[in-house]
Amino acid sequence: MYVSRWAGTAPESLHLRIHRLVSRIPRGRVATYGQVARLAGLLGQARLVGYALHALPAGTSVPWQRVVNAQGAISTPPGHDALQRRLLEGEGVRFDARGRIPLASFQWRPRRSPSRTL
DNA sequence: ATGCTGACTATGT
DNA sequence: TACATAGCCAGCA
């Protein structure tokens with residue numbers, strides 16, 4: 001049996017915190033799943049970020065396309081990967097020959113941890 | 001209640 | 001560089 005480290009936090013708010021944080025990623029920038037997890041106060045829970053984004057309704061205003069994996073590659077399942085790439089390229093994010101985003105150039109670097117001031 | 005899955009990541013080979 | 005494995009935990013059956 002698991003004992004959540006975030007016991008006391010409603011499940012909805014975990015998703016909400018993730019969604020809200022993803023919404024802060026500026027246009028033309030990307031963040032990794034692990035980065036989002038860390039900024040949302042969920043260190044090490046990169047998978048939870050993916051799960052939370054997967055749960056987003058169609059047509060959401062949350063810029064889910066700005067979240068990529070630690071290699072700067074798209075991790076979305078077949079069907080969504082092409083859409084994600086198209087959306088990102090539309091924002092000015094460029095991909096290298098291997099289909100990966102140079103994180104050194106496009107990764108979002110917030111000045112402060114947003115999770116503290118929520 | 002129990003067990004498995006997953007839009008991940010760090011580490012080892 | 002690429003593939004395999006272990007750790008992680010909220011949903012879901």
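One interatomic measurement links the two molecules: CD1 of A:Ile25 to P of B:dA7, which rounds to 18 Å at whole-angstrom precision. Taking atom CG of A:Leu43 as the reference point, atom P of C:dC9 lies 10 Å away to the nearest angstrom. At whole-Å resolution of the value, CH2 in A:Trp64 and C1' in B:dC8 are 17 Å apart. For the pair A:His15 NE2 and C:dC12 P, the computed distance is 8 Å after rounding to whole Å. At whole-Å resolution of the value, CG in A:Asp81 and P in B:dA7 are 12 Å apart. Distance, A:Ile74 CD1 to B:dT9 P: 13 Å, rounded to whole Å. Remark: P of B:dC4 and OH of A:Tyr51 are 16 Å apart, rounded to the nearest angstrom. Between the P atom of B:dA10 and the CG atom of A:Asn69 lies a distance of 10 Å, rounded to the nearest Å.
Within the structure, every side-chain polar atom (N or O) of A:His54 is placed at least 4.0 Å from both OP1 and OP2 of B:dT5.
Here the side chain of A:His19 pairs no donor or acceptor atom with the backbone of A:Val62 at under 3.5 angstrom. Although no hydrogens or angles enter the test, the distance criterion places no donor-acceptor pair under 3.5 Å between the side chain of A:Glu91 and the main chain of A:Arg66. At least one donor-acceptor pair under 3.5 Å links the side chain of A:Arg17 to the backbone N or O of A:Ala40. Checked by atom type and distance alone, the side chain of A:Arg29 pairs as donor or acceptor with a backbone atom of A:Gln107 at under 3.5 Å.
Residue contacts for A:Gly44: at a heavy-atom cut-off of 4.0 Å it reaches no nucleic acid atom on any strand shown. Among the heavy atoms of the strands lying under 4.0 Å from A:Ser75 are primed sugar atoms or P, OP1, OP2 only; no base atom is included.
Checked by distance alone, A:Tyr33 brings a side-chain donor or acceptor within 3.5 Å of a matching partner on the base of B:dA7. For A:Arg47 against C:dG11, no side-chain N or O and base N or O form a donor-acceptor pair under 3.5 Å.
Closest contact between the side chain of A:Leu48 and the listed nucleotides C:dA10, B:dC8, B:dT9 involves C:dA10.
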Between A:Val93 and A:Glu89, does the side chain to side chain contact (heavy atoms under 4.5 Å, CB included) criterion hold? Intermediate values first, please. CA-CA 5 Å; A:Val93 173; A:Glu89 290 181 322; 6.0 Å; no
